[in-house]
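Just so it is clear: chains get the letters A, B, ... in the order the sequence lines come, proteins before strands, and each one is counted from 1.
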Amino acid sequence: MAKLRSAAGLETLRADIVSRRDPGKRCIAVCAGAGCDAACSAAVVDALREEAAKKSIDVKVTGCHGLCEKGPNVVVTPGELCYFGVRPEDAPGIVAGTAKGVRMDEVPFYKHQMRLLIGDNPRIDPTRIEDYLALGGYAALSKALFQMTPDQVLDQVKKANLRGRGGGGFPAGLKWETAKNAPADERYVIVNGHEGEPGAFMDRALFTGNPHKVLEGLIIGAHAIGAHRGFIYTRHDSPKLIEHIETALAQAEAYGLLGENILGSGFDFEVEVHFDVGIFVSGESSALMRSIEGNPPEPRPKYVRTSVSGIWEKPSNLNNVETWANVSQIISRGADWYASIGTEGSKGTKLVSLSGHVVNSGVAEVPMGTPLRTIVHDIGGGVADAKPLKALHFGGPMGGSIPERLIDTPLDFDALAALGAPIGAGGLLVMDDGTDMVDMARYFLEFLTHESCGKCVPCREGLLQMLKILTSMTNGKGRNGDIARLEDLAEVTGMACLCALGKTASDPLRSMLRHFKDEYEARIPAGG
Amino acid sequence: MCSDKIDQILARHRGKPGALIRVLIEIQHEKRWLPKEALAKVAQALEVPLSRVTQIATFYKTFSLKPKGRHEVHVCTGSSCHVRGAARLLAEVQRMTGLKPGETDSESRFSLETGSCLGSCSLGPEIIVDGTHHARMTPAKVEGVLKRYS
Ligand SMILES: Cc1cc2nc3c(=O)[nH]c(=O)nc-3n(C[C@H](O)[C@H](O)[C@H](O)COP(=O)(O)O)c2cc1C
């Protein structure tokens, strides 16, 4: 294929791709996301392909559709008919159209969502850039390069009030501006696709299922910031994720959407892929950058931000997968449209990984401000085995839990942080009334104790001491003064640790001492 | 595995110190552990001191400096599997195999690993043997699964 050298060239190609497609032709999309793949969706693909070969029907292998619980998932277009728990022997009925499907907008799990980011997944074969182009892909990049100045792009992202989806909720526009204005001869942009948080799987769902959406955002950001080199940092243990990213980079380059003189604009940008090696702290910004340099991922104190001094001491703008994925729609539909979705301080939609004691585990996308009740009950289908709900936990080992009575809290960065359960990356763990909240704090601390890099003493020693106390409490050996000692240690590690891993390691514990203190007190025998 | 494969991997990255982690991942994927001789070869090919190679190889948990068993048994201990009873599942796997996480038995049949949520929480609690997911496991079902791997 010839490299595209103008905005018009891109539109001609798009028109050509679209004209070759018959929107009325049936297409069967089989989900190969993490859950469905593990549930042998590949065998379903084989069976459907064999059946479909007899008729003129396409079978597409796609990224995650969302409702992992009911996988392997199949969606047939036109009509968006969903089939759940599909087995190879269901293939003839689906291909013939005799099997009964449910319209996607009538499935409770889907109908309460707003799927701006993940909604395209069932329509895209992630290994074919043409699928992304057919849906309007890279039009935002073209607009940013030819109809806007880098400052205007930055201005839109700031006006949209896009906040980082990786955990901190930091305004992306401000970070971009810092990296753009920091004096340097070179600067970098980076995708954080590490997703090391247990119970979080939405970044993988998005990145594996629609890699070009993330890449387009990255290129737009690089242009706005003035970076010519970018990095993707992602998981080494997800073969499909790696394959799709590398294929996407190669295809974008072949079309002239990446590399030298992108779309003839004169802008050059290249991207390298780097892998984490199964260690949680390497998702932290400064540790991640050390890892990209080829060093052990040890965090450093942030007296100077990585957006000023990051990889090789150059300004380095790091954003999460989902943050980057939001950029193209902000550019194409405008900051005002984007800012009309969500709450005062939290704009746009948010991907949520639903897991734990919930009926429907999966990836959901809702507008910010959606009440947690909608997410857990309407989308998630409530608590498994019809048990009462006890608590909701956000943000994994650096997050927090809130009790059932706060279920009408909106999904909002600030509202949840104020309750001690910051959204984090968007992992939402549902817990039924059989869950032991002392054990949960112990569990998360055990995780982080193993993950501490050991560089600073408060983290290396402090977490271990808290873990020891919590372990003895769960073993029925709680002693007088344990709770006060835990509170004390939580305060010290919260202040003195080098990086956010240690600083926030006690957050789950603190939230539980705040909302479930009676359970902790019950572990201290009278006179114990 | 033949050292050909290692040589091929090294050939792609010769003289590129920045590729150290990537090279080690590729060798680990190929061989499932990092033999000492391989580390020395990596140091030479990438032109980095052996001490650096060793530092990286020991820091990151994915790297193993010991050979692995024929079958890798991974018990997910992510948060969702945890609340769904992964601890009881792990205890049963440990009891059956006599292994603690990170260990390999003397006959090199099984290596036991824990941790690392793979994002298939809908199937939890689960054990993954050689990449095959065994979903919604209970301690009672463990024996039936492990029996299939000799
Ligand atoms: C221990 C630790 C682990 C982290 N892991 C991740 C991760 O896996 N993915 C991610 O996007 N951010 C992670 N972060 C947050 C990053 O440091 C950083 O804030 C984020 O990638 C910035 O992107 P954003 O502004 O778009 O959210 C982690 C932070 C800490 C302290």
Between A/E446 and chain B, with a heavy-atom cut-off of 4.5 Å, which part of the residue counts as in contact: side chain, backbone, both or neither?
neither
For chain B, find which of A/A34, A/P296, A/G294, A/G199 contributes the most heavy-atom pairs closer than 4.5 angstrom.
A/P296
Check whether more than 12 heavy atoms from other residues, nucleotides or ligands sit under 6.0 Å from atom NZ of B/K36, and answer yes or no.
no
Of all heavy-atom pairs between B/C117 and A/P198, which one has the smallest distance, and what is that distance?
CB-CA, 3.7 Å
Any side-chain heavy atom of A/F201 within less than 4.5 Å of one from B/S120?
no
With a 4.5 angstrom heavy-atom cut-off, could you sort out which part of A/M202 is near chain B: side chain, backbone, both or neither?
neither
Quick one: does B/R22's side chain get under 4.5 Å of A/H236's, heavy atoms only?
no
Between A/D37 and B/H133, a side-chain donor and acceptor under 3.5 Å:
no
Contact winner vs chain B - A/C36, A/G454, A/P297, heavy-atom pairs under 4.5 Å
A/P297
Has A/R235 got a side-chain atom pairing as donor or acceptor with B/L118's backbone, closer than 3.5 angstrom?
no
Spacing of OG1 belonging to B/T62 relative to CG belonging to A/D237, to within rounding of 0.5 Å
7.0 Å
Nearest heavy-atom contact between A/F275 and B/I21 is O-CG2, 4.0 Å
Against B/H82, only a single residue in A/L429, A/T435, A/D439 fulfils side chain to side chain contact (heavy atoms under 4.5 Å, CB included); can you say which?
A/D439
Give a yes or no answer on whether the side chain of A/H357 reaches the backbone of B/V83 with a donor-acceptor pair at less than 3.5 Å.
yes
Heavy-atom count check: over 12 atoms from other residues, nucleotides or ligands less than 6.0 Å from A/E186 CD?
yes
If the threshold is 4.0 Å, N to carboxylate O, is there a salt bridge linking A/E69 and B/R136?
yes
Within the supplied structure, the quantity of interest is the number of heavy atoms (other residues, nucleotides, ligands) at a distance under 6.0 Å from B/R12 CZ; does it exceed 12?
yes
For chain A, find which of B/T132, B/T77, B/L24 contributes the most heavy-atom pairs closer than 4.5 angstrom.
B/T77
Side-chain contact test, heavy atoms from C-beta onward, threshold under 4.5 Å: evaluate it for B/R84 versus A/S361 and give yes or no.
yes
When the 4.5 angstrom heavy-atom criterion is applied to B/H29 and chain A, the contacting part is side chain
Which bit of A/P397 comes within less than 4.5 Å of chain B, counting heavy atoms only: side chain, backbone, both or neither?
neither
Leading residue by heavy atom contact count with chain A [cutoff under 4.5 Å; candidates B/A87, B/G119, B/G18, B/A135]:
B/G119
Near B/E143 CD, under 6.0 Å, is it more than 12 heavy atoms from other residues, nucleotides or ligands?
no
Can you tell me how far the OG atom of B/S79 sits from the CZ atom of A/F444, to the nearest 0.5 Å?
5.0 Å
For a 4.5 angstrom cut-off between non-hydrogen side-chain atoms, does B/Q55 reach A/N295?
no
First locate atom CG of B/L20, then atom OG of A/S291, and finally report the distance between them rounded to the nearest 0.5 Å.
10.0 Å
Chain B shares the most heavy-atom pairs under 4.5 Å, among A/A38, A/C64, A/G35, A/S353, with A/A38
